[in-house]
Participant: 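For reference, the structure I am asking about is given below.
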There are 2 protein chains.
Amino acid sequence: MGSREYGQFCGLARAAEVLGQRWTMLILRDLLVGPRRYSDLVAGLPGIPTNLLATRLKELERDGIVVREARDRPDRSIVYRLTARGADLGPALDALGRWGAATMHAPRDGEIVTDASLTTALRVAAQGGRAPDQQSVTYTIRAGDAVAHAVVRGRQVEVAPGESPSPDLVLTAGPGFRDLLAGAITPEEALADGSVEITGDPDLLDAFAATFVVPYATRALDNR
Amino acid sequence: MGSREYGQFCGLARAAEVLGQRWTMLILRDLLVGPRRYSDLVAGLPGIPTNLLATRLKELERDGIVVREARDRPDRSIVYRLTARGADLGPALDALGRWGAATMHAPRDGEIVTDASLTTALRVAAQGGRAPDQQSVTYTIRAGDAVAHAVVRGRQVEVAPGESPSPDLVLTAGPGFRDLLAGAITPEEALADGSVEITGDPDLLDAFAATFVVPYATRALDNR
DNA sequence: CGGGATCCCCCGAGATACTG
DNA sequence: CAGTATCTCGGGGGATCCCG
C-alpha cells in the first residue's frame with residue numbers, strides 16, 4: 001500500500017486518496033469556478049508551495065480530473081480545466097462546503113476571502129435559498145478583497161467571480177454578514193449594525209437574503 | 001497558519017482542515033455506520049498506526065464531531081460515537097463515496113472490503129435505486145470477508161453490518177458484482193458468469209438489482 | 001485484553017531560490 | 001508565466017511497549 005492508498009475497495013477510500021492530499025480540495029474549488037492558469041491558482045491559494053501545486057496538478061491530470069490545455073492558445077498561456085469527471089465532484093464538494101460553513105461564524109486571525117471562495121460560497125448559498133418571483137436581478141458582492149457577482153433569473157442563479165458591469169445592488173460585507181446569510185439577523189438589522197453596506201434599492205436586500213441562505217448548524221443540547 | 005489550516009474563511013477550507021487529514025474520512029465512514037470501540041476501528045482500518053487513530057479521535061472530539069463514551073458501561077469498554085455535527089457529514093461523505101465508486105471497477109491488488117465499507121456502499125447504492133413495490137425483503141450480502149444485510153420495506157431501505165438472522169436472499173459477490181450494481185450486466189448474466197451466487201428465490205435478485213444501483217461514470221469522449 | 005503511549009525513521013509539505 | 005531545484009522540518013508509518 002503506497003503512502004496515498006488505503007488498501008480498501010471502497011468508493012470513499014478512492015475519493016479520499018484524491019481529496020485527502022493537502023491543498024487538493026481548494027485547487028478543485030478554484031477550478032470548479034472555471035478554467036484557471038497556474039498563476040491564477042497561485043494567486044488564489046496564498047501559502048501553497050509552488051512545487052506542491054505543480055505536483056497536485058500532475059496527479060489530477062494523471063487521474064483524469066484535470067486537463068492541461070496549452071495548444072491553440074494565441075497568448076501561449078496554459079490553462080487547467082476540469083474534465084467531466086472532475087466536474088462531477090461539484091455536488092460532493094458543495095455538500096462539504098455547506099457542512100464547513102455551518103459552523104463558520106467569524107474569520108480566524110488573518111483568514112482571507114478569495115474571489116473563488118466567495119463565488120463558491122454564493123453558489124452553495126443559492127442552493128439553500130429560494131429566490132422571490134421577479135425579473136432578472138444582478139448583485140455584486142464584496143467581502144474583504146474578494147468580489148463576485150450573481151445574476152438571478154427566477155429560480156436560476158448564476159454566480160461568477162469579479163465585478164458585474166451593471167449591478168442592481170452592490171453589497172459590501174461587514175463583520176456580521178455571515179449572520180445575514182444564516183437568517184440570524186434581518187436585512188434591516190444588518191443594515192443598521194453595519195453587517196452589510198449597500199448601493200442600490202434597499203428592497204433588493206430582502207430579495208438577496210431570501211435567495212442566498214447558509215444556515216448555521218443547530219447546536220444540539222444533547223450532543224449525541 | 002498552522003500545518004492544518006489554509007488561512008481562508010471558506011466552508012470548504014474548513015471541511016478540508018478536518019477531512020483532509022489522513023485516515024479521517026475512513027474513521028468517519030466507520031462511525032457513520034454506528035458507535036465503535038477503539039479496537040473495532042483498528043480492525044476495520046488495516047494499516048492505520050494506532051497512535052494516529054488515537055490522535056485523530058482526539059482531534060475529532062475536540063472539533064465536536066465525535067464523543068468518547070466511557071461512563072455507564074458495565075463492560076468498561078469505551079465507545080466512540082458521532083455527534084449531531086458529525087452525523088451531518090453523512091450526505092457529503094455519501095456524495096464523495098458515490099463519486100469514488102463511479103470509476104471503481106475491480107479491486108486493486110490486495111484491496112479488501114470491510115463490513116463498514118460494504119454497509120456504506122449499500123447505503124449509497126440504495127440512494128441510486130428504486131425498490132419495486134413489495135412486502136418486506138431481507139438480504140444478506142457477502143463480499144470478500146465482509147458481510148452486511150439490508151431490510152427493504154417499500155421505499156425504506158435499512159442497511160447494517162453483519163449477518164441477518166433470517167434473510168430472504170443471500171448474495172455472495174463474485175468478480176463482476178460491481179457490474180451488476182452498475183446495471184452493466186443483468187441479474188441473469190450475473191448468475192450465469194458467477195458475478196453473484198445466491199441462496200433463495202432467484203426472482204428476488206431482480207428486486208435487489210433494482211433497489212441497489214451505483215452507476216459507472218460515463219466516459220466522456222470529449223474530456224472537457 | 002482493550003486502549004492506548006513511545007520510539008525511530010522517512011516521506012511529504014513548507015519555504016525560497018532559480019530557470020526555460 | 002510556468003514551473004523546477006534544493007533544503008529543512010513536521011507529521012505519518014511501523015514496531016514495540018505500557019497500563020488499568
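None of these values were measured; they are calculated from a predicted model. Chain letters run A, B, ... following the sequence lines, proteins first and then strands; every chain starts at 1.
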Participant: Can you name the side chain to side chain contact (heavy atoms under 4.5 Å, CB included) partners of B:E5, sequence neighbours left out?
Facilitator: A:R108, B:M1, B:E17

Participant: Check whether any side-chain nitrogen or oxygen of B:Y80 sits under 4.0 Å from OP1 or OP2 of C:dG4, and answer yes or no.
Facilitator: yes

Participant: Counting only side-chain nitrogens and oxygens, does A:R36 get under 4.0 Å of the OP1 or OP2 atom of D:dA2?
Facilitator: no

Participant: Is it true that the NZ or CZ of B:R68 lies under 6.0 Å from the centre of B:Y38's six-membered ring and within 45 degrees of the ring axis?
Facilitator: no

Participant: Under the rule for salt bridge (charged side-chain N to carboxylate O under 4.0 Å, His left out), what residues qualify as partners of A:R56, not counting sequence neighbours?
Facilitator: A:E59

Participant: My understanding is that only residues two or more places apart in sequence, or in another chain, count here; which of them pass side chain to side chain contact (heavy atoms under 4.5 Å, CB included) with A:Q127?
Facilitator: A:D94, A:R98, A:R123

Participant: I'd like to check the side chain to side chain contact (heavy atoms under 4.5 Å, CB included) partners of B:A125; sequence neighbours left out, ordered by chain and number.
Facilitator: B:F212, B:V214

Participant: In this structure, how many angstroms lie between the P atom of C:dG4 and the CG atom of B:L53, rounded?
Facilitator: 8 Å

Participant: How far does the helix from C:dC1-D:dG20 to C:dG20-D:dC1 bend, going by the axes of its first and last five pairs, to the nearest 10°?
Facilitator: 40°

Participant: Using atom CD of A:E61 as one end and atom P of D:dA2 as the other, report the distance to the nearest whole Å.
Facilitator: 14 Å

Participant: Once side-chain hydrogen bond (donor to acceptor under 3.5 Å, both in side chains) is applied, do any residues pair with A:D115, and if so which ones, sequence neighbours excluded?
Facilitator: none

Participant: With A:S164, which residues qualify under side chain to side chain contact (heavy atoms under 4.5 Å, CB included), at least two apart?
Facilitator: A:T138, A:T140, A:H149, A:P167

Participant: Please tell me if A:S77 has a side-chain N or O lying less than 4.0 Å from either OP1 or OP2 of D:dC1.
Facilitator: no

Participant: If the sugar-phosphate is the primed atoms plus P, OP1 and OP2 and the base is the rest, what is the B/S/- string for nucleotides 11-20 of chain C, using protein heavy atoms under 4.0 Å?
Facilitator: -SSBBBB---

Participant: In whole angstrom, give the distance that lies between atom CD1 of B:I78 and atom P of D:dG20.
Facilitator: 13 Å

Participant: Mind calculating the distance between OH (A:Y38) and C1' (D:dG3) to the nearest angstrom?
Facilitator: 5 Å

Participant: Rounding to an integer number of Å, can you tell me how far B:K58 NZ sits from C:dG3 P?
Facilitator: 14 Å

Participant: Distance-only check: which donor-acceptor pairs under 3.5 Å involve side-chain atoms of residues 28-36 of chain A, not counting sequence neighbours?
Facilitator:
residue : atom : partner : partner atom : Å
A:R29   : NH1  : B:Q8    : OE1          : 2.8
A:R29   : NH2  : B:Q8    : OE1          : 2.8

